[in-house]
Structure formats: C-alpha cells, structure tokens
Protein chains: 2
Amino acid sequence: MRIIMLDDVDRRILRLLQSDPAQPLPELATLAGLTPARVTRRLDRLRQDGVLLGQRAIIDWRVLGYAVEVSLRVTLDKTVPRAFDEFMDAARKVRAVIEMQTFLGRVDVRLSLIARDLPDYQRIYRAEILTLPHIADIEALMTVAQVKHDESLPL
Amino acid sequence: MRIIMLDDVDRRILRLLQSDPAQPLPELATLAGLTPARVTRRLDRLRQDGVLLGQRAIIDWRVLGYAVEVSLRVTLDKTVPRAFDEFMDAARKVRAVIEMQTFLGRVDVRLSLIARDLPDYQRIYRAEILTLPHIADIEALMTVAQVKHDESLPL
DNA sequence: ACTGAAAGAACTACTCG
DNA sequence: CGAGTAGTTCTTTCAGT
C-alpha cells in the first residue's frame, strides 16, 4: 500500500472535516485560508488517494432509548481451524453489535453491543451472543461513557 | 432525558444516512420512497430531538502511514480519590489516543491509540502513556482489523 | 502543473397552496 | 404534506501564473 504524505494544507482541511464534514465549501475555504477551488481539488485528491473514505452520521443512541452499552472480549476455541471466520461471519449479523475489532494476542475479538436496558441486554446476550459459534470465553464490561471519539487526531 | 420513538420513516432515513450522510436530498428521498420535502422535515426533527448529532469524516489511518493500532486497558489507583478525573484529563490530551471509553467494573478505561510503526508505538507508550497519572495497571492488545464500525445498527 | 475566477448545473430552504 | 421558487452551493471550464 502506498503511504500518502500530507502537507499543511491537507492537515488543515482534514482537521476541519473532523469537526464537521457537512460544512459548505466556501466556509471551509475561509476557515482554512484558501479559495474554494483549492479546497475542492484537495478533497478530490484525498478521496482518490483513499485517505477520505466517506462520512458517517453521528447518532445518539441514548436518546433513542439504548441506555446500556457493553464491551465484550471474546476468546475463541483454537482447536477449530475455521473458528475465527465462522465466528466473525455470525457476529457481524447481530444487530445489537455496533462495533467489532480483532486482536493479535490472547483475546481474539472485542465487540460493543447496545441494548435498551439490562433485561434487554440479558436477552441479547443469551439469545444472540452465547449462541455464536466457537466461543471459548467471554468477558463483559459495561461502558459508562464514550469520552473521546475520533475528534482530535495525530495529524 | 426524553426518549425519542422512531417510526419506519425515521428508521429508513437513518439507515440511509449511516451509509452516507452526504447523499443529496433528492437521492435520499428516492431511496426512501419519499418526497424531498418530507425528508427535510424529518431530518430537522431528528436534529432537533438530538438523535442526529452531526457527522464525521472517515479517515483511513493506514493510508496515512499509521500501521499500528493498540487497544489499552487501564486500571487506576483506587487509593487516590481524584485519580479518575486527573487521568482522564491528561489522557484526553494525548494526540495518539483516538478513542477512549470508561467502564463499570475491574477495568476503568479503555483507549485506542495509533502509531506509525512499532518503534513509534514504543516511544508513545513510554513517553506519553506510562507518564499519565495514577495508573495501577495496563494491558495492551494490538488491533488487527476494525471489522464492523457503526454501519448496520439496531434500528 | 497548479492556482484563481467565473459560469452553469445542482442542491437546499422557504413560502404558499 | 406537496409543489414551486429564490438563494446557495457545487462543479466544471478557462485563463493566468
């Protein structure tokens, strides 16, 4: 993979986008001290280079009634060769799972799931998580707050 | 906090926004089987209700040369009353930290940090993480892949 | 080759029916 | 709630540095 080197202009634009990617081009240009045309061209290049993959809406789950978020660390059964793929494919389909990452180390997968309340969590945990294939062990931690979330970055 | 109940129309719109919040209104309307005006009004209400908090650009760190992502679980020193606040305030300022969440349980904080390579990670870990106040224990796991990331959701 | 300006097309917000 | 209009914003092209 080719590694993209950013200059100061790129960095300024990316920082502005992080705080709000919906900002109109003229405003973005003003804040970055550039002309709109220049910002457009930079954005095109960043997209083309695969730096900017797109954007995503930020939804407040608590407002929608999802009061419980739990982080699960899953260790898989290493005696089954295809355990990893089969687990991932199945877990990906669980609607309550909003995030999933794999690791190098003792723990294989971490996933975050949300539920309306504790009974709802119990139901999901028993019916949809524990039934996933090839689980050797699970450790759960209840999330209290998402404190930092991709805002300031090492640009 | 008032909990917002969504109907099918809201859900359809939110699902479309999750895949790409930059979609033009007319296209969104067509995909949702609605008129643009109706979509606008729903969006306004979702924003007003605090369901839609905004949007965020998705940046591919690997392309920018950040090849290493590590997930750290931090346990704090419970003998210091203000350990939690002081640790969080300090950790928030570390640029390499791209994500941070707090827990209810044995582990207090989990944070993700990115680095260019393993030497870079070592440097950050020693100079910027281990120097954070009130750490009792840290456990690190190297992230291999971010598999699911807020895309399909329990709507 | 890269930048800035301008015109045309597209989109959004607003008002009215 | 839908339709139409006015105001913005985006895109593309062109000329200049």
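Chain letters run A, B, ... following the sequence lines, proteins first, then strands; residues in each count from 1. Nothing here was measured: the structure is a model prediction, and the numbers come from that model.
Within the structure, no pair that satisfies the ring-ring contact (aromatic ring centres under 6.0 Å, His included) test touches residues 72-119 of chain B, not counting sequence neighbours.
To the nearest 0.5 Å, atom CG of residue L17(A) and atom CZ of residue R12(A) are 13.0 Å apart.
Rounding to whole angstrom units, CG of residue L43(B) and C1' of dT12(C) are separated by 11 Å.
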Distance-only donor-acceptor hits, side chain of residues 65-74 of chain A, under 3.5 Å, sequence neighbours excluded:
unit_1: Y66(A); atom_1: OH; unit_2: P154(B); atom_2: O; d: 2.8
unit_1: S71(A); atom_1: OG; unit_2: R110(A); atom_2: NH1; d: 3.0
unit_1: R73(A); atom_1: NH1; unit_2: E139(B); atom_2: OE2; d: 2.9

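Of the charged side-chain nitrogens involved, none lies within less than 4.0 Å of a carboxylate oxygen, so that E128(B) and R95(B) do not count as a salt-bridged pair.
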Check your understanding: Can you give one letter per nucleotide of nucleotides 1-17 of chain D, going 5' to 3': B for a protein heavy atom under 4.0 Å from the base, S for sugar-phosphate only, - for none?
Key -> SB-------SB------
Point to revise | Trace of the salt bridge (charged side-chain N to carboxylate O under 4.0 Å, His left out) decision for R41(B) with D44(B) | key: CA-CA 5 Å; R41(B) 275 185 265 266; D44(B) 285 345; over 6 Å; no
